[in-house]
2 protein chains.
Amino acid sequence: MRLVIARCSVDYAGRLTAHLPSAPRLILVKADGSVSIHADDRAYKPLNWMSPPCTLKEAEGDGDAKAVWTVENKGGEKLIITMEEILHDSSHELGVDPGLIKDGVEAHLQELLADRMETLGEGSTLIRREYPTAIGPVDILGRDAEGTTIAVEIKRRGEIDGVEQLTRYLELLNRDPRLAPVKGVFAAQEIKPQARTLATDRGIRCVTLDYDALRGIEDDKLRLF
Amino acid sequence: MRLVIARCSVDYAGRLTAHLPSAPRLILVKADGSVSIHADDRAYKPLNWMSPPCTLKEAEGDGDAKAVWTVENKGGEKLIITMEEILHDSSHELGVDPGLIKDGVEAHLQELLADRMETLGEGSTLIRREYPTAIGPVDILGRDAEGTTIAVEIKRRGEIDGVEQLTRYLELLNRDPRLAPVKGVFAAQEIKPQARTLATDRGIRCVTLDYDALRGIEDDKLRLF
DNA sequence: GACTATATGTCGTCG
DNA sequence: CGACGACGTATAGTC
């Protein structure tokens, strides 16, 4: 990893064209070949960047420019960094990162809910997770206490997109005489008012999931063995 | 901006929980208060981060740990960085960045298309850009050669979401007797097959936009004056 | 503050 | 490699 602090101007031509006037910035070159140009704000997002794989060519500048870097990828996207003053330049060997361990994503919610279908109502049972359809897998297909098929869409945050997605699944599933009629359930840790309104309007039931409670139940289960 | 290279382990508890085993990494602290932890790959995306506004507390470590940083925001999200070995630590004054100048984003496409409605078919005319509705603004409202209202949704890349968005607008617009019937046009530089299929199925016409051609036409126009 | 739409989104997965 | 969906999406603009 190479860290350069330099007063520089930058031009990008690729998916769009963009220009950065001259100012002091951090230029970060990673071992994967990526280059990113950071100002002292905007959280972790760089002002400008080039994703790997790409090639970096360093050239001597003429006149005011001390150095000119040209970063290019296969798609023909190009990033030109003109450095007028180099304030810092250091390289560091970091090695391969062991990587991040995540917990609490949608996949886990789905797993937990499939194991605790009664969260969706007394007597609810699982048919299968990731039930395949022509337009993609339905998170959970099950039956309610009356034996009616239910299609469950799970999201961490329930927004309008999720309701649209579930609606498309329901349309498709209801064409299958072995399943129809299919009722929709929109399950999320948090459901936005607009999404709830749209869902309700379409006869889709909304269920708020409590991740910690689901996990707690799961932990109890595990403890039995 | 402060740059620290350190062998560290990291724990995040917030919207999810995550853990990073000990390894050498870059810790980037920006003037806006944000902290990000970078490995030597994954392009510009950090392994872990905390967005501003947040507070950073530095503490002495005990035992193996040389230092323990606790970064916390108002929402109760917490990032704990345990540093076992500090390999580099430097600070740099960058000042406020003049910022990026962009060209070629959706707003620009919309501008160009509004000026060249015949791209959508001979005799097409503009009613207005950003036509307001209860659920958000329609990119372009116009009329075709026969005088039928057309609602145009513009995207750089046309995907299924855009078709859904346009569908919602059309449903609403068609309830207005002064406008109905309203035909939909999905215009993008690139339209994904699934989006095209869905659009066609719903009677929405797809138009591929050539940005350079639109801009060329625009340039020609400008040259006349 | 809530909601909508955009993004050089980026990133994984799967056909 | 392209298409698709998720993301601690972030971010900007509007109401």
Side-chain angles (χ1 to χ4, degrees), chain A residues 10 12-18 34 36-37 41-52 54 73-79 99-100 102-107 109-110 130 132 135-137 139 153-157 159-162 164-165 168 188-190 192-198, chain B residues 12-18 34 36 41-52 73 75-79 100 102-110 130 132-139 153-162 164-166 168-169 189-198:
Chain A
V10 183
Y12 166 74
R15 282 170 279 185
L16 52 66
T17 54
S34 64
S36 45
I37 295 145
D41 61 355
R42 281 156 235 242
Y44 71 71
K45 187 142 196 224
L47 290 161
N48 234 323
W49 69 92
M50 185 65 73
S51 302
C54 58
N73 72 2
K74 284 170 203 167
E77 293 179 89
K78 204 181 272 193
L79 193 67
L100 190 67
K102 283 186 184 182
D103 184 22
V105 285
E106 190 198 308
L109 273 178
Q110 188 192 110
E130 301 285 346
I135 54 169
D139 287 340
E153 176 63 36
I154 301 170
K155 288 270 180 279
R156 208 179 49 73
R157 285 164 54 185
E159 298 184 33
I160 217 158
D161 276 14
E164 295 287 13
Q165 195 181 336
R168 290 197 295 272
Q189 280 183 280
E190 180 202 346
K192 292 289 171 73
Q194 203 100 17
R196 188 181 293 271
T197 305
L198 184 64
Chain B
Y12 165 74
R15 282 171 279 183
L16 54 67
T17 52
S34 63
S36 45
D41 61 356
R42 281 156 234 245
Y44 73 70
K45 187 136 200 233
L47 290 161
N48 239 325
W49 70 92
M50 187 63 76
S51 303
N73 71 2
E77 293 178 271
K78 204 181 272 194
L79 193 66
L100 189 67
K102 287 184 186 185
D103 182 24
V105 284
E106 189 204 306
H108 200 207
L109 274 178
Q110 189 192 110
E130 300 285 346
T133 76
I135 54 170
V138 178
D139 287 340
E153 177 62 37
I154 300 169
K155 288 273 183 275
R156 215 169 45 69
R157 287 163 56 183
E159 298 183 34
I160 215 158
D161 276 14
E164 295 290 10
Q165 194 182 336
L166 178 53
R168 290 195 296 271
Y169 289 142
Q189 281 183 278
E190 182 201 344
I191 298 177
K192 292 289 170 73
Q194 273 210 344
R196 188 181 291 272
T197 305
L198 184 63

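Numbered from 1 within each chain, the chains take letters A, B, ... in sequence-line order. Only a predicted model underlies this, so the values are computations on that prediction, with no experimental measurement involved.
Between dT6(C), dT10(C), dG8(D), one nucleotide has an atom nearer to the side chain of E77(B) than all others, and that is dG8(D). Listed nucleotides: dA5(C), dG8(D), dA6(D). Nearest to the side chain of Q165(A): dA6(D). Residue P193(B) places its side chain closer to dA3(D) than to any other of dG8(D), dA3(D), dT6(C). Which of dT4(C), dT6(C), dT8(C) sits closest to the side chain of I160(A) comes down to dT4(C). In the set dT8(C), dC3(C), dT6(C), the nucleotide with an atom closest to the side chain of R15(A) is dT8(C).
Contact of the E106(B) side chain with the I154(B) side chain is registered, since non-hydrogen atoms from C-beta on lie closer than 4.5 Å. Proximity of L79(B) to N48(B): side-chain heavy atoms (C-beta onward) are separated by under 4.5 Å at one or more points. E164(A) has its side chain out of reach of D161(B): every pair of non-hydrogen atoms, C-beta onward, lies at least 4.5 Å apart. Side-chain contact between E130(B) and Q110(B): present, with at least one pair of heavy atoms (C-beta onward) separated by less than 4.5 Å. At least one side-chain heavy atom of P52(A) sits under 4.5 Å from a side-chain heavy atom of S34(A).
Nucleic acid contact class of E153(B) (heavy atoms, under 4.0 Å, all strands): sugar-phosphate only. Residue-level contact check: L79(A) touches neither bases nor backbone, having no heavy atom under 4.0 Å from any strand. Here Y12(A) lies in heavy-atom contact (under 4.0 Å) with a base. Heavy atoms of N48(B) sit under 4.0 angstrom from at least one base atom. Note on E159(A): nothing from the nucleic acid sits closer than 4.0 angstrom, heavy atoms only.
Rounding to whole angstrom units, NZ of residue K45(A) and P of dA7(C) are separated by 10 Å. Atom pair Q110(A):CD and dA6(D):C1' shows a separation of 13 Å (rounding to whole Å applied). Rounding to whole angstrom units, CG of residue D41(B) and C1' of dT10(C) are separated by 14 Å. For the pair L47(B) CG and dC11(C) P, the computed distance is 11 Å after rounding to whole Å. Taking atom CG of residue L166(B) and atom P of nucleotide dA5(C), one finds them 11 Å apart after rounding to whole Å. If you take CD1 of I135(B) and C1' of dC3(C), they are 12 Å apart, rounded to a whole angstrom. One atom, CZ of R196(B), and another, C1' of dA3(D), lie 15 Å apart when rounded to the nearest Å. Regarding Q189(A), its CD atom lies at a distance of 14 Å from the C1' atom of dA6(D), rounded to whole Å.
Projected onto DNA chain C by closest heavy-atom contact, R42(B) and E106(B) fall at different nucleotides, the more 5' of which corresponds to E106(B). Nearest-nucleotide mapping onto DNA chain C: of I154(B) and K192(A), the residue sitting toward the 5' end is K192(A). Nearest-nucleotide positions on DNA chain D for M50(B) and K74(A) put K74(A) closer to the 5' end.
Side-chain N/O atoms of R168(B) include one lying less than 4.0 angstrom from OP1 or OP2 on dA5(C). For dA6(D), the OP1/OP2 oxygens have a side-chain nitrogen or oxygen of K155(A) closer than 4.0 Å. Contact annotation: Y169(B) side-chain N/O to dT4(C) OP1/OP2 distance is not under 4.0 Å.
Of all heavy-atom pairs spanning G162(B) and K155(B), the tightest one is CA-CE, 3.9 Å.
dG8(D) and dA5(C) have their P atoms separated by 23 Å, with the value rounded to a whole Å.
When both pairing distances are held under 3.5 Å, dT11(D) makes a Watson-Crick or G-U pair with dA5(C).
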